[in-house]
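Here the structure comes first, spelled out in structure tokens, and everything after it is commentary.
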Amino acid sequence: MCSNGTLDGVDVRGKIVLCQLGIIDSVQMSEVVKKAGGAGMIVINYPVDGYSIIADDHVLPASMVPYAYGVEIQAYINSTSTPIATIINHGTAMHRPHSPDVASFSSRGPSQITPGILKPDIIGPGVNILAGWNSQAFALLSGTSMSCPHLSGIAALIKKAHPGWSPAAIKSAIMTTASVTDNTGGPILDEQHRPADLFAVGAGHVNARQAIDPGLVYDLTPEDYVPYLCGLGYNDSAVSALTRKPVRCSSLKSISQGELNYPSISVTLQANSWKSVSYTRTVTNVGKPTSIYAVKVDMPKGVSASVTPTTLSFEKVNQKKSFSISFRRSGGRSGRVGGQLRWVSRKHVVRSPISIRLK
């Protein structure tokens, strides 16, 4: 693991040292290797990280490789008495296949507090981001702290283009226009190179160009959250503290998590019950004044869904239309599955991911 003291008495002068991530971070490992006289370093990431690799500011030539590649390198070393390695800089690699993919450290759902709302909402660029840094000219960093400014910047661009839009409308535009495929046309993959599920990608990967013109939005006002908060079981004082005005939940009709007018849908269908579960959503036309949308629903095996009405016709901008969607079990399987709801016009596809828990 190339931690302090592990290379004492080992002749690594002029050699490339293969190190397994462990006790210390890879930058500290490179310092240990350099101090021992090593010429370079190859870092194998953790098995749980799969194919996610991070660029760091090493003090000598170094390359991080996925765990699977590290196993192959170890097998090569053990196959010969004179293993040879070379680190070559080919410059910036563009159009890497299967981009984007989900990093191992990207937060996963479902939400433990509000499982009735799909989380995450969205994914965005957050791995090996090169940007300005306060203590030096630039830095290369990874994490939520990198994806957050990307999404914040896109939200600011949308707000500039549509000054009257609410935060909920902006979130809806980002979510319903997100990409669900990578640059090969296949599904977005996770760190193990398996198709990422809804609890990894949410609505998908942010698409800034599409988000400027979403066609329809699922809007919410601050007041719309009050019956939702009451439905979560918070008492009057807690809800009043959040809304900063007096609230009496007993005088309101509270709603379940799934009833919030959110751009995604989460539903639980009980075992041995063929009763349908229905939710209502309201969309606002922010596209062309005159437009018609037709519904398309994709459901996994074991679940059926119906939408009423099946078309939405708009005559003006900011006009609102409501629809209901009902879910019913049609099989005996259990677990978590996913589907999607799309409102399709000549110009727009307004997509909502659907998370389904079969108990």
Side-chain angles (χ1 to χ4, degrees), residues 1-90 93 96 98-109 112 120 123 125-131 133-149 189-194 196 199-200:
M1 296 184 181
C2 299
S3 56
N4 291 321
T6 57
L7 297 181
D8 292 351
V10 181
D11 183 12
V12 298
R13 291 174 297 175
K15 297 177 181 178
I16 294 176
V17 182
L18 183 69
C19 302
Q20 169 72 57
L21 274 179
I23 300 172
I24 59 177
D25 64 42
S26 64
V27 174
Q28 293 174 307
M29 290 163 61
S30 70
E31 293 170 349
V32 172
V33 172
K34 183 177 181 180
K35 183 179 179 181
M41 179 180 70
I42 301 170
V43 182
I44 307 173
N45 71 357
Y46 297 109
V48 69
D49 289 325
Y51 291 88
S52 292
I53 54 176
I54 303 299
D56 276 319
D57 300 325
H58 298 113
V59 299
L60 79 176
S63 179
M64 177 178 280
V65 298
Y67 181 79
Y69 295 0
V71 171
E72 294 183 24
I73 295 172
Q74 287 176 309
Y76 162 69
I77 291 174
N78 294 330
S79 70
T80 176
S81 59
T82 56
I84 297 174
T86 306
I87 296 176
I88 302 173
N89 180 9
H90 289 292
R96 182 176 67 90
H98 300 295
S99 297
D101 55 5
V102 184
S104 58
F105 55 81
S106 184
S107 297
R108 301 310 209 266
Q112 300 300 313
I123 58 173
V127 179
N128 299 330
I129 304 300
L130 184 67
W133 188 246
N134 57 4
S135 61
Q136 58 197 58
F138 61 88
L140 197 62
L141 300 177
S142 299
T144 306
S145 55
M146 294 295 99
S147 57
C148 179
L189 304 179
D190 65 13
E191 71 278 7
Q192 301 294 343
H193 280 186
R194 299 172 301 205
F199 297 122

Taking the side chain as every heavy atom from C-beta outward, state whether His58 and Ser26 have any pair of such atoms under 4.5 Å apart.
yes
Please confirm whether the backbone N or O of Ser52 pairs with a side-chain atom of Ser104, one donor and one acceptor, at under 3.5 Å?
no
Locate the shortest heavy-atom distance separating Leu60 from Ser30; write the atom from each residue and the value.
CD2-CB, 3.3 Å
Less than 4.5 Å apart, any side-chain heavy atom of Leu18 and any of Ile42?
yes
Please check: side-chain N/O of Asn128 versus main-chain N/O of Ala55, any donor-acceptor pairing under 3.5 Å?
yes
Check step by step if side-chain contact (heavy atoms from CB on, under 4.5 Å) holds for Val17 and Met29.
CA-CA 10 Å; Val17 182; Met29 290 163 61; over 6 Å; no
Show your working on side-chain contact (heavy atoms from CB on, under 4.5 Å) between Ile84 and Tyr76 and close with a plain yes or no.
CA-CA 9 Å; Ile84 297 174; Tyr76 162 69; 4.1 Å; yes
Closest non-hydrogen contact found for Met64 with Leu21 is CE-CD1, 3.8 Å
For the side chain of Tyr46 and the backbone of Tyr67, is there at least one donor-acceptor N/O pair under 3.5 Å apart?
no
Whether over 12 other heavy atoms sit under 6.0 Å from Ile87 CD1
yes
Quick one: does Leu7's side chain get under 4.5 Å of Lys35's, heavy atoms only?
no
Do Val102 and Arg108 make a side-chain contact, defined as non-hydrogen atoms from C-beta onward lying under 4.5 Å apart?
yes
Beyond-backbone contact of Val65 with Glu72, side-chain heavy atoms, under 4.5 angstrom
no
Compare all side-chain heavy atoms of Met1 with those of Val32 and state whether any distance is below 4.5 angstrom.
no
Please find the pair of heavy atoms, one from Leu141 and one from Met146, that lie closest to each other, and give the distance.
O-CG, 3.4 Å
Note: Pro120 and Gly109 closest approach over all heavy atoms is CD-N, 4.0 Å
Can you tell me how far apart CD1 (Ile24) and SG (Cys2) are? Round to the nearest 0.5 Å.
7.5 Å
With a 4.5 Å cut-off on side-chain heavy atoms, are Leu140 and Trp133 touching?
no
Using modelled atom types and a 3.5 Å cut-off, is there a donor and acceptor pairing between side-chain atoms of Thr6 and backbone atoms of Ser3?
yes
Is the backbone N or O of Tyr51 less than 3.5 Å from a side-chain atom of Asn45, with the two atoms forming a donor-acceptor pair by type?
no
Using side-chain contact (heavy atoms from CB on, under 4.5 Å) as the criterion, point out the one residue from Pro100, Ser142, Ser147 that pairs with Val127.
Ser142
Can you find a pair of side-chain heavy atoms, one from His193 and one from His98, that are under 4.5 Å apart?
no
Smallest separation among heavy atoms of Asp56 and Val27, with atom names
CB-CG2, 3.7 Å
Taking the side chain from Glu191 and the backbone from Asp49, do they hold a donor-acceptor pair closer than 3.5 Å?
no
Grab the two heavy atoms, one from Val43 and one from Met41, that are nearest each other, plus how far apart they are.
CG2-CE, 3.3 Å
